[in-house]
Novice: 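Attaching a single structure in structure tokens format; questions to follow.
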Amino acid sequence: MSRIWAGLCCAALMAGAAQARDITEARFADPTTHYPHGILGDKVEYSAMLLRLSDGSSFRIGFAPGTRLFEDIAPRLWDVSGDGAPEVVVIETDPPQGAQLSIYGLNADGMPAKLTSTPHIGRTNRWLSPIGAADLDGDGAIEIAYIDRPHLAKTLRIWRYDNGKLRHVADLEGLTNHKIGWDFIPGGIRDCGQGPEIVTADGAWARIMATTYRDGQFSSRAIGSYTGPADLDAALNCG
């Protein structure tokens, strides 16, 4: 498959039928080493993403060499619009400006495109770590949670997907979910019968924390001692 580069580009590789379709698969492609941050354990990131749709068509979204990149583990198929079909949530980095959370999906013409994103953190070698997406406060809209600079600022940020845009909701300091060199992100969002809870570690990596956001307020409680990243994943099982 040949590359087509024009900054951010999206070229159909297989023609699909004119019908309603969803994104069914996403993966990164085109490894690149031009941004030597190495926060995920090596200095290899990705300059393209391949999408497959339910009608069998495939698309490639890519960046010009030496520019933006996907500084991430894998694309996430999360329904952030609440329509039952997934969007693609990724960590996208501009080397001078650091990371941002970006959402890709199908535009009004049914073509894959970047729909919206958070602002970049603002400087090079600054990263964020996604947690999950859910209607955290029961208002019917989907919120997306991530940790801004999990090794430095250790700040939980919540954004709401609203009419195709991400709108900042609230922040809470003192939480984290990633250590430098990990090629994985433990924890996430669980619902043990009382509504969604965000599972992370505290900023000192001493306790497992469950955090809720309801009625415009955060509430965090310790649900166990932290001994390793498997503890965060185990907490998602509500045991």
Side-chain angles (χ1 to χ4, degrees), residues 26-28 37-42 45 70-80 86-93 98-103 118 121 125-138 142-161 169-214 217-239:
R27 63 183 178 89
F28 294 135
H37 189 194
I39 205 68
L40 295 169
D42 60 29
E45 311 302 342
F70 297 108
E71 190 180 13
D72 205 346
I73 297 162
R76 299 156 192 82
L77 295 184
W78 291 349
D79 177 13
V80 302
E87 284 73 38
V88 183
V89 179
V90 293
I91 307 166
E92 185 176 326
T93 294
Q100 66 178 178
L101 190 82
S102 295
I103 299 175
T118 64
I121 291 172
N125 293 345
R126 295 296 182 266
W127 190 72
L128 60 87
S129 185
I131 299 170
D135 181 4
L136 296 174
D137 56 4
I142 303 297
E143 284 81 37
I144 300 175
Y146 67 81
I147 300 294
D148 179 0
R149 291 160 288 172
H151 324 109
L152 296 171
K154 300 182 180 181
T155 300
L156 168 64
R157 299 201 191 278
I158 294 178
W159 294 72
R160 181 175 295 120
Y161 189 81
V169 175
D171 299 333
L172 180 64
E173 296 180 353
L175 300 172
T176 189
N177 65 342
H178 186 268
K179 291 187 177 184
I180 294 173
W182 282 359
D183 61 354
F184 58 90
I185 301 171
I189 297 178
R190 71 179 191 177
D191 189 336
C192 299
Q194 302 298 319
E197 294 180 302
I198 299 166
V199 175
T200 66
D202 69 342
W205 290 101
R207 300 174 295 167
I208 306 165
M209 304 298 294
T211 301
T212 60
Y213 181 76
R214 296 177 189 132
Q217 299 292 324
F218 283 106
S219 177
S220 285
R221 61 190 178 94
I223 57 174
S225 298
Y226 175 85
T227 62
D231 295 339
L232 299 181
D233 290 333
L236 299 178
N237 297 323
C238 302

Novice: Over all heavy atoms of both residues, which pair between I91 and L128 is shortest? Give the atoms and the distance, please.
Specialist: CD1-O, 3.4 Å
Novice: Which pairs, with at least one residue in residues 219-239 and sequence neighbours excluded, count as a ring pair (Phe, Tyr, Trp, His ring centres under 6.0 Å)?
Specialist: W205-Y226
Novice: Using side-chain contact (heavy atoms from CB on, under 4.5 Å), reason through L172 and M209 one step at a time and then give a plain yes or no.
Specialist: CA-CA 12 Å; L172 180 64; M209 304 298 294; over 6 Å; no
Novice: Measure the spacing between CZ of F218 and CD of E173 and express it to the nearest 0.5 Å.
Specialist: 11.0 Å
Novice: Are I39 and H151 close enough, and set up right, to give a side-chain contact (heavy atoms from CB on, under 4.5 Å), and what steps lead you there?
Specialist: CA-CA 10 Å; I39 205 68; H151 324 109; 3.4 Å; yes
Novice: Between T155 and D171, do the side chains contain an N or O donor and an N or O acceptor separated by less than 3.5 Å?
Specialist: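 No, no side-chain donor-acceptor contact under 3.5 Å.
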Novice: Taking T176 for its side chain and K154 for its backbone only, find out whether a donor-acceptor pair lies under 3.5 Å.
Specialist: no
Novice: Flag the pair P196 / Y213 as yes when at least one side-chain heavy-atom distance between them is below 4.5 Å, and no otherwise.
Specialist: no
Novice: Taking all atoms of both residues into account, what is the closest heavy-atom pair of A222 and R207, and its distance?
Specialist: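 Scanning both residues, the minimum pair turns out to be CB-CD, 3.9 Å.
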Novice: Atom SG of C238 and atom CD1 of I223: how far apart are they, to the nearest 0.5 Å?
Specialist: 8.5 Å
Novice: Using every non-hydrogen atom in the two residues, find where P130 and Y146 come nearest and quote the distance to one decimal.
Specialist: CA-CB, 3.7 Å
Novice: Give me the atom names and distance for the closest heavy-atom approach of D137 to R160.
Specialist: OD2-NH2, 2.7 Å
Novice: Hey, does L156 have a side-chain heavy atom less than 4.5 Å from the side chain of I131?
Specialist: yes
Novice: State the CZ-CZ distance between R149 and R157, to the nearest 0.5 angstrom.
Specialist: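 It is 6.0 Å, given to the nearest 0.5 Å.
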Novice: Please examine the side chains of V88 and L77, heavy atoms only from C-beta on, and report whether any two atoms are closer than 4.5 Å.
Specialist: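 Result yes, sub-4.5 Å side-chain heavy-atom pair found.
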Novice: Are I198 and I158 close enough, and set up right, to give a side-chain contact (heavy atoms from CB on, under 4.5 Å), and what steps lead you there?
Specialist: CA-CA 11 Å; I198 299 166; I158 294 178; 4.2 Å; yes
Novice: Atom CG of D191 and atom CG of L236: how far apart are they, to the nearest 0.5 Å?
Specialist: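 One gets 11.5 Å once the value is rounded to the nearest 0.5 Å.
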Novice: Any side-chain to backbone donor/acceptor pair from R214 onto G138? Under 3.5 Å, distance only.
Specialist: no
Novice: In Å, rounded to the nearest 0.5 Å, how long is the span from CG of L136 to CD of E143?
Specialist: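 L136 atom CG to E143 atom CD measures 5.0 Å (nearest 0.5 Å).
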Novice: I'd like to know if the side chain of D135 reaches the main chain of I142, judged simply by a donor and an acceptor atom lying under 3.5 Å from each other, with no hydrogens or angles considered.
Specialist: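 No.
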Novice: The test is side-chain contact (heavy atoms from CB on, under 4.5 Å); show your working for T93 and Q100 and say whether it passes.
Specialist: CA-CA 6 Å; T93 294; Q100 66 178 178; over 6 Å; no
Novice: Looking at every non-hydrogen atom in both residues, tell me the closest pair between E45 and L40 and how far apart they are.
Specialist: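 Closest approach of E45 to L40: OE1-CD1, 4.3 Å.
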Novice: What is the minimum heavy-atom distance between S225 and I208, and which atoms define it?
Specialist: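 S225 and I208 have their closest heavy atoms at O-CD1, 3.5 Å.
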Novice: Just by distance, do the side chain of E92 and the backbone of S102 share a donor-acceptor pair under 3.5 Å?
Specialist: no
Novice: Working to the nearest 0.5 Å, report the span between NE2 of H37 and CH2 of W127.
Specialist: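 So the NE2 of H37 and the CH2 of W127 are separated by 9.0 Å.
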Novice: Is a side-chain donor or acceptor of D233 paired with a backbone partner of A230 at a separation under 3.5 angstrom?
Specialist: no
Novice: Which of parallel (below 30°), tilted (30 to 60°) and perpendicular (above 60°) describes F184 and W182?
Specialist: parallel
Novice: Okay, side chain of T118, backbone of L101: is any donor-acceptor separation there less than 3.5 Å?
Specialist: yes
Novice: Whether the side chain of E197 engages the backbone of A210 through a donor-acceptor N/O pair (distance < 3.5 Å, no angle test) should be reported.
Specialist: no
